[in-house]
Asker: 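Here it is: the structure, laid out below.
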Amino acid sequence: MALVIAGRIVPMSSIDPSAVFAGRIYLGDDGLVEAVTTGTAPAPAGFTSAPVIDTGDSFVIPGLIDLHNHLGYNALPLWVEPTQKKPFLHHNDWPNKPSYKPSISWPAWVLAKADPEAMLAYVQARALVGGTTAIQGWPAFNRPPQMVLRDIDDEEAGSTNRNLVYTSVITETPLQLAHTAQLMSRGAGFIYHCSEGQPGSVVAREFTDVANAGCLEKKLVAIHCNAVADSDWQRWQASDAGAVVWSPFSNLWLYGTTTNIPAARKQGVSICLGSDWGPSGTKHVLGEIKVAKLVSQKQKFGLSDQDLVAMVTSNPGDILARCWSRQIGRLVQGSLGDVTVLKPRGDGDVWSQIVNATEREVMLVVVGGKPRYGDANAMTTANAGPATTLSISGRQRKLAIPDPKDSTKAFQWTDIVSRLTSIRKDPAAALKNAEGRSRAFAGPSSAPDSPLELALDMPSGNAMAFAGPPPEPAKVVIPTLPTLVHDKAFFADIKGRGFHDGLLDGLANFYKG
């Protein structure tokens, strides 16, 4: 359907990245931006009967892009290994610790196996509540599930090719990287977890292997790189600069250090943000952007608020546009129609207000021209269709995620929560019921009506690429379902835990008042 959004437009266009003006965004039936106008300029043809959402003085910005996540684990709280007294060395260090499987792998596997629809609905809601419209790091699936967020891993961008971008969580061998370099030479993008750990640790060579294989190209999106030495950044020539995805919360939580952002920027590498995952990350990139600001101030990176906003909009958008041949992350004619609307917060300039925005300020989230989350009035005016109601930071919001059994109805939030809570109470029984549904289905696993099956990636660099089943399901302890927002409980979890030396405690200051 066509849709018009009026407000203070922050298009992040390449022509004038600092522009902010009163105007309108016109989203066409095809899910693309048809036009961006200023003031009272006339509407383009075809929008006479389109609903108009007047957001007043709210900021209408490109939808927030989370370029590093592991959605299958986002129904879990922050994790620490009780026996660990010093920062982990690298990504192969913590998955072998005693509490990792009982606290992370097994609970996540049970939730995904017992009720994949409810789990995916919850983690998508968590992202939407923070203004996210596109996200990387989906579980593998036997058939397409109900997706309301844009799936960066499999986005076709108007083509029929789901392989515009290749991804890898596990560390590739030099031979595998050489093959990937060939795919990149033919136009594919590559999103790669690389050199996650402390500088000087063994994983620093992963970046060297990438360079030696010829993968340091414009379409490389390297996640983490916090172990990369200052001198090694110089191997990524400015003429071939791609992107690094920075996840400062997770880096500091696990390793006590983070990526040398100034060294990467000096080479022309574009910096993007990713919230990583529930066990060691923020709830969504609207929280991660605040952590990035804290780190920049502490380590004197010199990042402006406008720089930070670009890291969740135009920076990742431009890199993905190289792979997709379709613009995202900028509100310009022909770009993908992903929009986030944020109410004003504070008395600073537009950029500081966006950085300071919390879940309370997220007024509307539109993905591919379709309203998916927002204020009840805005969602109703936008003709969002069937939606469920939930309370976020004391405010009523509507969420439009289709029911997996009937796409003409909304997946009710109370139903999502109760289904996941039921699994917590009796994991073994929930798994038995899921296995019964699978055995009762006689068709192929790829059939549209087949039981959904997910395979969760394991965010580590070892050979165990996927989270596996627990040996005794009845003994699995699944933590209480976390809230969708950064709240007092989340901040209490941070204090005195992890290896951030108190820096992450400052995140709570953004949520006061």
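Remember, it's a predicted structure, so these values are computed and weren't measured experimentally.
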Asker: Can you measure from CG (N356) to CG (L286) and round to the nearest 0.5 angstrom?
Answerer: 10.0 Å

Asker: Which heavy-atom pair separates A204 from S195 by the least distance, and what is that distance?
Answerer: O-OG, 3.5 Å

Asker: Would you say that L484 contacts L128 through its side chain, given a criterion of any heavy-atom pair below 4.5 Å between the two side chains?
Answerer: no

Asker: Restricting to non-hydrogen atoms, name the atom on Y122 and the atom on T483 that form the minimum distance, rounded to 0.1 Å.
Answerer: OH-O, 3.6 Å

Asker: Do the side-chain N and O atoms of H179 and E172 include a donor-acceptor pair separated by under 3.5 angstrom?
Answerer: no

Asker: Which pair of heavy atoms, one from P87 and one from G256, lies closest together, and at what distance?
Answerer: CB-N, 4.2 Å

Asker: Just by modelled atom types, is the L303 backbone N or O under 3.5 Å from a matching donor or acceptor in the S296 side chain?
Answerer: yes

Asker: I need the full list of side-chain hydrogen bond (donor to acceptor under 3.5 Å, both in side chains) pairs touching residues 241-254, with sequence neighbours left out, sorted by first then second residue.
Answerer: H68-S247, H224-N251, W246-T258, S250-D276, S250-S280, N251-T258

Asker: Determine whether a donor-acceptor pair (N or O, by modelled atom type, separation under 3.5 Å) exists between the side chain of D209 and the backbone of P174.
Answerer: no

Asker: Between R322 and K219, is there a donor-acceptor pair closer than 3.5 Å when you use the side chain of the first and the backbone of the second?
Answerer: no

Asker: Counting distance only, does the side-chain N/O of E155 pair as donor-acceptor with the main-chain N or O of A157 below 3.5 Å?
Answerer: yes

Asker: With distance as the sole criterion, is a donor-acceptor pair present between the side chains of W138 and D153 under 3.5 Å?
Answerer: no

Asker: Taking side chain to side chain donor-acceptor pair (under 3.5 Å) as the definition, give me every residue that meets it alongside S18, ordered by chain and number, with sequence neighbours left out.
Answerer: Q306

Asker: What salt bridge (charged side-chain N to carboxylate O under 4.0 Å, His left out) pairs are there with at least one residue in residues 80-100, not counting sequence neighbours?
Answerer: D93-K97

Asker: So Q198 and N226, side-chain hydrogen bond (donor to acceptor under 3.5 Å, both in side chains) or not? Walk me through it.
Answerer: CA-CA 7 Å; Q198 294 189 41; N226 44 321; over 6 Å; no

Asker: Is there a side chain to side chain contact (heavy atoms under 4.5 Å, CB included) between F301 and T259 once you walk through the steps?
Answerer: CA-CA 11 Å; F301 285 177; T259 314; over 6 Å; no

Asker: Using 0.5 Å steps for rounding, measure from the CD1 atom of I170 to the CG atom of N92.
Answerer: 11.0 Å

Asker: Are a donor atom and an acceptor atom from the side chains of T171 and E206 found within less than 3.5 Å of each other?
Answerer: yes

Asker: What I'd like to find out is whether the side chain of P279 reaches to under 4.5 Å of the side chain of Y73, using heavy atoms alone.
Answerer: yes

Asker: What pair of heavy atoms forms the shortest contact from G197 to T257, and how long is it?
Answerer: O-CG2, 4.4 Å

Asker: Is it true that D16 and S13 share a donor-acceptor pair across their side chains at a distance under 3.5 Å?
Answerer: no

Asker: Measure the spacing between CH2 of W233 and CZ of R265 and express it to the nearest 0.5 Å.
Answerer: 12.5 Å

Asker: Checking V228 against N260 for the side chain to side chain contact (heavy atoms under 4.5 Å, CB included) test, could you report, in this order, the C-alpha distance in whole Å, the side-chain angles of both residues, the deciding distance, and whether it holds?
Answerer: CA-CA 8 Å; V228 177; N260 189 335; over 6 Å; no

Asker: Under the criterion side chain to side chain contact (heavy atoms under 4.5 Å, CB included), I'd like the reasoning laid out for I289 against V285: C-alpha separation, chi angles, the key distance, then a yes or no.
Answerer: CA-CA 6 Å; I289 198 172; V285 288; over 6 Å; no

Asker: With side chains defined as the heavy atoms from C-beta onward, is the minimum distance between Y255 and W94 less than 4.5 Å?
Answerer: yes

Asker: Tell me every residue that passes side chain to side chain donor-acceptor pair (under 3.5 Å) with T358, counting only those two or more places apart in sequence or in another chain.
Answerer: E361

Asker: I would like to know whether E117 and D115 meet side chain to side chain contact (heavy atoms under 4.5 Å, CB included); could you show each step before the answer?
Answerer: CA-CA 6 Å; E117 290 92 351; D115 199 332; 3.6 Å; yes

Asker: Quick one, F490 and L78 - any side-chain contact, counting heavy atoms below 4.5 Å?
Answerer: yes

Asker: Under a 3.5 Å threshold, yes or no: a donor from one side chain and an acceptor from the other, between S352 and D305?
Answerer: no

Asker: How close do A243 and C272 get, counting heavy atoms only, and between which atoms?
Answerer: CB-SG, 4.0 Å

Asker: Please check if the side chain of R330 supplies one atom and the backbone of T313 the other of a donor-acceptor pair under 3.5 Å.
Answerer: no

Asker: Quick one: does any side-chain atom of Q267 pair with a main-chain N or O of W236 as donor and acceptor, under 3.5 Å?
Answerer: yes

Asker: For the atom pair CD (Q136) and CG (L71), what is the distance rounded to the nearest 0.5 Å?
Answerer: 9.0 Å

Asker: Is any side-chain heavy atom of I354 closer than 4.5 Å to one of R345?
Answerer: no

Asker: Is the shortest heavy-atom distance from the side chain of V10 to the side chain of M12 under 4.5 Å?
Answerer: yes

Asker: Might you point out which heavy atoms bring S445 and R143 nearest each other, and give the distance in Å?
Answerer: O-CB, 4.3 Å

Asker: Between Y100 and S105, is there a side-chain heavy-atom distance shorter than 4.5 Å?
Answerer: yes

Asker: Looking at K290, K293, E288, which hits side-chain contact (heavy atoms from CB on, under 4.5 Å) with L308?
Answerer: K293

Asker: More than 12 heavy atoms of other residues, nucleotides or ligands under 6.0 Å from CZ of R205: is that the case?
Answerer: no

Asker: Can you measure from CD (Q124) to CG (L149) and round to the nearest 0.5 angstrom?
Answerer: 4.5 Å

Asker: Hey, are the side chains of P479 and L76 touching, using non-hydrogen atoms and a 4.5 Å cut-off?
Answerer: yes

Asker: Would you compute the distance between atom NE2 of H500 and atom CG of L252 and round it to the nearest 0.5 angstrom?
Answerer: 8.5 Å

Asker: Kindly say whether V123 contributes a backbone atom to a donor-acceptor pair with the side chain of N74 at under 3.5 angstrom?
Answerer: no

Asker: Can you tell me if H70 and D457 form a side-chain donor-acceptor pair at under 3.5 Å?
Answerer: yes

Asker: Of all residues at least two apart in sequence or in a different chain, which pass the side chain to side chain donor-acceptor pair (under 3.5 Å) check with T132?
Answerer: none

Asker: Show me the donor-acceptor pairs within less than 3.5 Å that the side chains of residues 505-513 make with the rest of the protein, sequence neighbours left out.
Answerer:
unit_1, atom_1, unit_2, atom_2, d
N509, OD1, K512, NZ, 3.1
Y511, OH, H486, ND1, 3.2

Asker: Please check: side-chain N/O of R497 versus main-chain N/O of A492, any donor-acceptor pairing under 3.5 Å?
Answerer: no

Asker: With a 3.5 Å distance limit and no angle check, can you tell me whether T340 reaches the backbone of G131 through a side-chain donor-acceptor pair?
Answerer: yes

Asker: Whether the side chain of S335 engages the backbone of L331 through a donor-acceptor N/O pair (distance < 3.5 Å, no angle test) should be reported.
Answerer: no

